[in-house]
Amino acid sequence: MAFLERRLLSKSSKKNDGMIEQDGISNKKQSQIEEKNPYKYYSFELNSQSYREFLMKNDLYYAIEKDEMRVLYQPIVNLKSGEILAVEALVRWMHPDWGLVLPNEFIHLADETGLIIDIGKWVLREVCKNYKRWLDKGLPPIKVAVNFSGIQFMESDFADKIKTIIDEYELDPKFLIIEITENILLKNTYKLNSHIESLRSLGIQIALNNFGKGFSSFAYLNFFKVDIIKLDGSFIKDVPFDSTNSAIVESVIHLTKRLKIKMVAEGIENWDQLSYLKHLNCHAGQGYIYSQPVDLERIERILARKKCKPTIVNNTGESLTENRRKFFRIKLPLSLEAVLEVLEVKGNQVNIGKTKVLIKDIGPGGLCFISNIKFPARNEIILQFTFQLLEEEIKVRGYIIRNREVKNNLNEYGVEFTIDENERVDLIRILNQVQIKIRKNIMFSEGSFVSDSDYAYFK
Ligand code: C2E
Ligand code: MG
């Protein structure tokens, strides 16, 4: 909460009329933002969670102008042949204070504020721009699936607007798959149906996202013509061992075959799930076993290979998306020596030397270290830690979220990482191995461990 209060003071100052003034942007931009930004008032009674949402909502208004949105791509693969059939575009928000913000944290805010319309258009333009680049590079003409919220479908002339954007890039609309999530669908079935028909007449395919997760998945199949069903990842979890989920998966595969609808299984993470789905002749799938969502350059390298091979990166069954804040922590049997560097202060790169610290515990989300130096808990100070674990040299970045003085003039700090998902997956892979080794051998010490007490080390 202290951090939030500080940010309130530094980022926004309260004017006499109760408006929040945002610094760091020009007056012209400021007034444009204020014109379209209804979230200018706030109450001091807001609790920290809603206050965080309040800040995020405000920042979301100019996230596109400030070039903070990114699109990642995840391959959708023919399970039998390994051929890449499509990629799904997944938006990310690189927030200057909060770091990487996943869509589950901000899409609902974008829906509430109506900003999803602008974000959706930006995502589609980005996808069209990249798709054109892929064609120009001679990459295979796969399809691209883009997620849309219900609010976007409520726009008049929705299909025309999509077509206009695609035309800007001189692309054939047939490359596009529009994914709709069922929770939005039943609000205005007539309007929605006519949009879906218009889109389909352009050659755009419609996919029903997260199939089975809501209450009325089957009803939609009656109301709308869909081309693809994406079976929600929650049903893939624990197959073939969970008999209920296995029965559901088998039934949906059977159903889609009868209805001549293509099916994509979401969230495939391990060999058991994959071989089970293959055995059931499931057509296509996506998941970390093939690739996590990756940036433009990495997806281009994957597309150039035309096929995507399954490889296990994280077989814990944990979802990076769902469990980002609930990561496990490994309590290390000995202190791990690391070199700490201050990389950035308020967005400016600095070079103010290095110091050694001792890491006490570490997880994919952050670490805890001891130092004899006092550092402030500020998210605008980005630190880098370099250390050895197993045979590997690891570098992680993050900022201090808590500090406290422990005995002998030493300080203990909690750090939250600002690493991207790919780096996190790499880190999880190493930490999983460390965890197994520690379980097997209490005296595990493969890395830059020191056996001194904290006091003796810093003395
Ligand atoms: P979704 O459409 O169901 O997308 C699949 C989600 O599962 C993605 O989460 C993806 O990163 C994650 N995922 C992929 N493979 C695996 C796996 O093997 N295991 C697990 N546990 N998860 C996996 P992400 O990227 O965080 O997106 C969350 C949701 O946000 C999406 O769910 C979609 O509904 C929404 N979303 C994403 N991008 C956009 C967008 O541009 N516009 C709109 N309106 N919604 C979006
Ligand atoms: Mg989707």
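Whatever order the structure lists them in is the order used to number ligands and atoms, beginning at 1.
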Peer 1: Which option out of Trp122, Tyr288, Tyr290, Phe106 puts a heavy atom nearest to atom 23 (C) of ligand 1?
Peer 2: Tyr288
Peer 1: With backbone taken as N, CA, C and O and side chain as the heavy atoms from C-beta onward, which portion of Leu90 lies under 4.0 Å from ligand 1: side chain, backbone, both, or neither?
Peer 2: both
Peer 1: Is there a donor-acceptor contact under 3.5 Å from the side chain of Lys161 to the main chain of Ser156?
Peer 2: yes
Peer 1: Would Asp59 and Lys66 pass as an ion pair if we require N to O under 4.0 Å?
Peer 2: no
Peer 1: Should the ring pair Phe223 and Tyr220 be called parallel, tilted or perpendicular, given that the plane angle runs from 0 to 90° and is split at 30 and 60?
Peer 2: perpendicular
Peer 1: Hey, what do you get for CD (Glu83) to CD1 (Ile142), rounding to the nearest 0.5 Å?
Peer 2: 10.5 Å
Peer 1: Would you check the N or O atoms of Val91, main chain and side chain alike, for any that come under 3.5 Å of an N or O of ligand 1?
Peer 2: yes
Peer 1: Would Gln286 count as being in polar contact with ligand 1, using the rule that some N or O on each side must be under 3.5 angstrom apart?
Peer 2: no
Peer 1: Are Glu266 and Lys213 ion-paired here, with the side-chain N under 4.0 Å from a carboxylate O?
Peer 2: no
Peer 1: Does only the side chain of Asn147 get under 4.0 Å from ligand 1, or the backbone, or both, or neither? Count heavy atoms.
Peer 2: both
Peer 1: Stepwise, does the ring-ring contact (aromatic ring centres under 6.0 Å, His included) test hold for Trp134 with Phe175?
Peer 2: CA-CA 12 Å; Trp134 299 342; Phe175 85 96; 9.0 Å; no
Peer 1: Nearest 0.5 Å, please: how far is CG in Leu231 from OG1 in Thr256?
Peer 2: 9.0 Å
Peer 1: Does the pair Glu112/Lys57 count as a salt bridge with the N-to-O cut at 4.0 Å?
Peer 2: yes
Peer 1: Short list, please: which atoms of ligand 1 are under 4.0 Å from a heavy atom of Asn210?
Peer 2: 3 (O)
Peer 1: What atoms in ligand 1 come closer than 4.0 Å to a heavy atom of Ile268?
Peer 2: 18 (O)
Peer 1: Apply the test ring-ring contact (aromatic ring centres under 6.0 Å, His included) to residues Phe385 and Phe369: give CA-CA distance (whole Å), side-chain angles for both, the deciding distance (0.1 Å), then the verdict.
Peer 2: CA-CA 10 Å; Phe385 299 82; Phe369 75 93; 5.2 Å; yes
Peer 1: Going by the order shown, which atoms of ligand 1 are within less than 4.0 Å of some heavy atom of Pro293?
Peer 2: 11 (O)
Peer 1: Should Ile289 and Gln273 be marked as a side chain to side chain contact (heavy atoms under 4.5 Å, CB included) after you check the CA-CA gap, both sets of side-chain angles, and the distance that decides it?
Peer 2: CA-CA 10 Å; Ile289 195 163; Gln273 295 165 335; over 6 Å; no
Peer 1: Identify, by name, the N, O or S atom of Glu179 lying closest to the Mg ion (ligand 2).
Peer 2: OE1
Peer 1: Ser149 to ligand 1: N or O pair under 3.5 Å?
Peer 2: yes
Peer 1: Could you walk me through whether Lys230 and Glu88 pass the salt bridge (Lys or Arg N to Asp or Glu O under 4.0 Å) test, one step at a time?
Peer 2: CA-CA 11 Å; Lys230 296 192 77 177; Glu88 177 172 4; 2.8 Å; yes
Peer 1: For ligand 1, which atoms have a heavy atom of Pro103 less than 4.0 angstrom away?
Peer 2: 24 (P), 25 (O), 26 (O), 27 (O), 28 (C), 30 (O), 36 (N), 37 (C)
Peer 1: For Glu88, is the nearest heavy atom under 4.0 Å from an atom of ligand 1?
Peer 2: yes
Peer 1: Heavy-atom contacts with Gln74 under 4.0 Å: which atoms of ligand 1 show up? List them by number with element.
Peer 2: 14 (C), 15 (N)
Peer 1: Distance check, rounded to the nearest 0.5 Å: Lys225 atom NZ versus Leu221 atom CG?
Peer 2: 9.5 Å
Peer 1: Does Gly120 reach ligand 1, in the sense of a heavy atom lying below 4.0 Å from it?
Peer 2: no
Peer 1: Do any of the N/O/S atoms of Asn210, backbone or side chain, fall under 2.8 Å from the Mg ion (ligand 2)?
Peer 2: no
Peer 1: Would you name the N/O/S atom of Glu88 that lies closest to the Mg ion (ligand 2)?
Peer 2: OE2
Peer 1: Using a strict cut-off of 4.0 Å, indicate which atoms of ligand 1 neighbour a heavy atom of Val123.
Peer 2: 41 (O)
Peer 1: Report yes or no: does a heavy atom of Lys230 sit under 4.0 Å from some atom of ligand 1?
Peer 2: no
Peer 1: Under a 4.0 angstrom heavy-atom cut-off, which atoms of ligand 1 come close to Glu179?
Peer 2: 2 (O)
